[in-house]
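Scroll down for the structure; my scribbles are underneath it.
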Amino acid sequence: VVEVAKPPAPAGFDPFSPEYLEDPHGYWDSLGSHPVFFYEPLQAFVVTGRDDVATVLTDWQTYSSRLLRAAPLPEENVEEVAPENREIPGKLMKCAYINIDPPGHTVDRKNSQKAFTRPLVAATEPAIRQLANDLIDRFAERGECDLMSEFAHPLTLGVIVHMVGLPADQMPEFRHWIDDFFGLMLPEGAPVPYTAEEIVGRYNRVGEAYEFFDSYLAERRAEPREDLASAMINATDADGKPALSYDQVLTHLLELAAAGSETTASLIGHMVRYFTADPALREGLEADPERWEETIEEGLRRSAIINNLMRVTTTDTEIGGVAIPAGSAVLVNIAGSSTDPESFAEPLAFDPDRENLSDHLAFGTGRHFCLGAPLARLEARCALQELYARLPGLTVVPEAPVEYAGAMTVRTIKALHVRWDV
Ligand code: HEM
């Protein structure tokens with residue numbers, strides 16, 4: 001048996017610690033290097049350099065995305081879930097974009113792209129602005145609010161609910177279904193962090209979602225409307241047959257909502273933090289609105305919203321001088337990649353003028369590159385423009401610390417106390 005060399009994690013590396021979540025870029029910058037190493041608590045290799053991360057994300061043959069499964073229903077509780085609902089979470093998880101590899105993934109993304117088109121995204125701009133203003137109306141006179149729970153979260157989920165075509169009052173139910181479904185999604189072999197009662201509850205509620213969407217999609221097939229659910233369910237392949245199954249459409253709608261809401265909300269929150277720290281940055285945008293695009297792009301690099309992604313090796317391989325055996329979990333540290341000085345000069349500076357602005361991997365790269373990137377950029381720009389137009393002097397309250405929802409993959413902002421002049 002050949003012992004595999006496992007370089008130890010650098011001192012202080014703890015992706016779950018509040019200090020790391022507060023400032024992962026500061027951690028990597030102070031470390032001064034971007035190694036590949038083995039992190040014992042997760043039993044995973046960690047890749048942190050910009051080019052190594054890009055290699056892992058591009059080489060899907062070696063680094064597979066097929067590593068998630070549904071938390072199993074405990075034997076003794078099987079009877080508490082209706083027979084037709086027991087297989088649903090497992091079956092849907094096999095459809096998720098984030099859990100499949102080419103060639104199936106390629107076909108599925110191509111078919112989805114027929115519905116999730118650029119014109120459809122661009123056409124949401126009036127709805128985004130309207131939703132933003134409706135939310136601002138509720139608190140504009142108050143002079144302060146929690147920007148995340150009162151604005152950014154309801155806005156970004158509301159945009160997807162609007163695109164999917166669901167009635168706005170169904171947002172809370174939809175939110176629960178997303179949480180129940182994705183809560184059951186765990187990396188193969190990972191411990192199940194729930195009680196049997198919680199698992200049973202989630203299986204039952206995913207069953208409810210399934211029943212609801214079964215008739216919802218059947219209606220949209222019979223009578224299409226101008227919405228994403230209709231476009232997806234009626235997309236056809238080259239032979240004119242339905243391109244996506246009901247299971248695929250339902251999974252993708254939940255996935256879009258899950259992948260697109262808290263992430264984009266956090267981008268809005270982070271931008272308000274950057275504008276607070278450097279008011280000239282936003283004032284410059286008033287004089288030159290063309291600069292929004294670059295400013296948001298730099299915000300994406302600097303905010304490390306997707307902290308890590310996960311992959312599993314399909315074969316023995318080597319990266320950054322470290323041998324990785326087949327079947328290993330690989331933590332792809334996006335936050336580390338954004339501060340690699342080999343790729344980004346003065347990585348801690350917020351500099352929308354940097355030459356290689358779009359080299360960041362905040363949206364990933366390769367086959368799984370974020371499907372919603374154009375929507376995220378549009379939403380952030382519209383939301384911020386409406387906020388600053390309506391709330392003069394908007395700033396983050398300095399004495400209220402930002403609260404992060406600490407998780408291995410996403411580093412989303414839970415709460416952000418802001419105030420403005422009234
Ligand atoms: C600032 C906001 C966002 C960030 C930082 C972000 C980041 C990412 C990243 C890093 C990936 C790659 C996952 C991987 O390689 O395994 C990804 C994939 C994905 N994103 Fe986003 N995202 C954002 C917004 C959105 C929005 C608004 C939507 C849609 C409404 C969306 C939908 C998706 C989907 C469906 C995938 C899976 C694609 C696939 O596996 O083929 N995201 N996102």
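Both ligands and their constituent atoms are indexed starting at 1 by order of listing. Note that the coordinates shown come from a computational prediction; the quantities given were computed from them, not determined experimentally.
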Among protein heavy atoms, which sits nearest to [atom], and what does the distance come to when rounded to 0.1 Å?
{"atom": "atom 13 (C) of ligand 1", "value": "Leu309 CD2, 3.7 Å"}
{"atom": "atom 12 (C) of ligand 1", "value": "His368 O, 3.4 Å"}
{"atom": "atom 38 (C) of ligand 1", "value": "Arg109 NH1, 3.2 Å"}

(message) Counting the benzene-type ring for Trp, do His252 and Tyr97 have ring centres under 6.0 Å apart?
(response)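 Ring centres of Tyr97 and His252 closer than 6.0 Å.
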
(message) Ignoring waters, how many N, O or S atoms from the protein are under 2.8 Å from atom 21 (Fe) of ligand 1?
(response)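 Total protein N/O/S atoms under 2.8 Å from atom 21 (Fe) of ligand 1: 1.
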
If the threshold is 4.0 Å, N to carboxylate O, is there a salt bridge linking [X] and [Y]?
{"X": "Glu286", "Y": "Arg282", "answer": "yes"}
{"X": "Arg301", "Y": "Glu298", "answer": "yes"}
{"X": "Arg419", "Y": "Glu144", "answer": "no"}

Which atoms from ligand 1 have a heavy atom of [X] less than 4.0 Å away?
{"X": "Ile160", "value": "30 (C)"}
{"X": "Leu256", "value": "29 (C), 30 (C), 35 (C)"}
{"X": "Leu375", "value": "30 (C)"}
{"X": "Ala362", "value": "5 (C), 7 (C), 10 (C)"}
{"X": "Arg311", "value": "14 (C), 15 (O), 16 (O)"}

Checking side-chain polar atoms at under 3.5 Å, does [X] have a donor or acceptor matched by the opposite partner on [Y]?
{"X": "Thr106", "Y": "Arg367", "value": "yes"}
{"X": "Arg205", "Y": "His176", "value": "no"}
{"X": "Asp359", "Y": "Ser343", "value": "no"}

(message) With a 4.5 Å cut-off on side-chain heavy atoms, are Glu399 and Val397 touching?
(response)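 SC-SC contact between Val397 and Glu399 confirmed.
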
(request) Compute both the distance and the angle, then confirm whether Arg86 meets the cation-pi test with Tyr203: under 6.0 Å from the six-membered ring centre, within 45 degrees of the axis. (result)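 No, Arg86 and Tyr203 do not form such a contact.
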
(request) Determine whether the side chain, the backbone, both or neither of His105 has a heavy atom under 4.0 Å from any heavy atom of ligand 1. (result)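 Only the side chain of His105 comes within reach of ligand 1.
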
(message) Trp420 vs Tyr388, test: ring pair (Phe, Tyr, Trp, His ring centres under 6.0 Å). Steps then yes/no.
(response) CA-CA 10 Å; Trp420 55 93; Tyr388 284 95; over 10 Å; no

(message) If you take the nearest heavy atom of each of Ile98, Leu361, Leu378, Ile100, which one is closest to atom 37 (C) of ligand 1?
(response)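 Ranked by closest heavy atom to atom 37 (C) of ligand 1, first place is Ile98.
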
(message) Measuring from atom CD of Glu386 to atom CG of Asp134, what distance do you get when rounded to the nearest 0.5 angstrom?
(response)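 These two atoms lie 10.5 Å from each other.
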
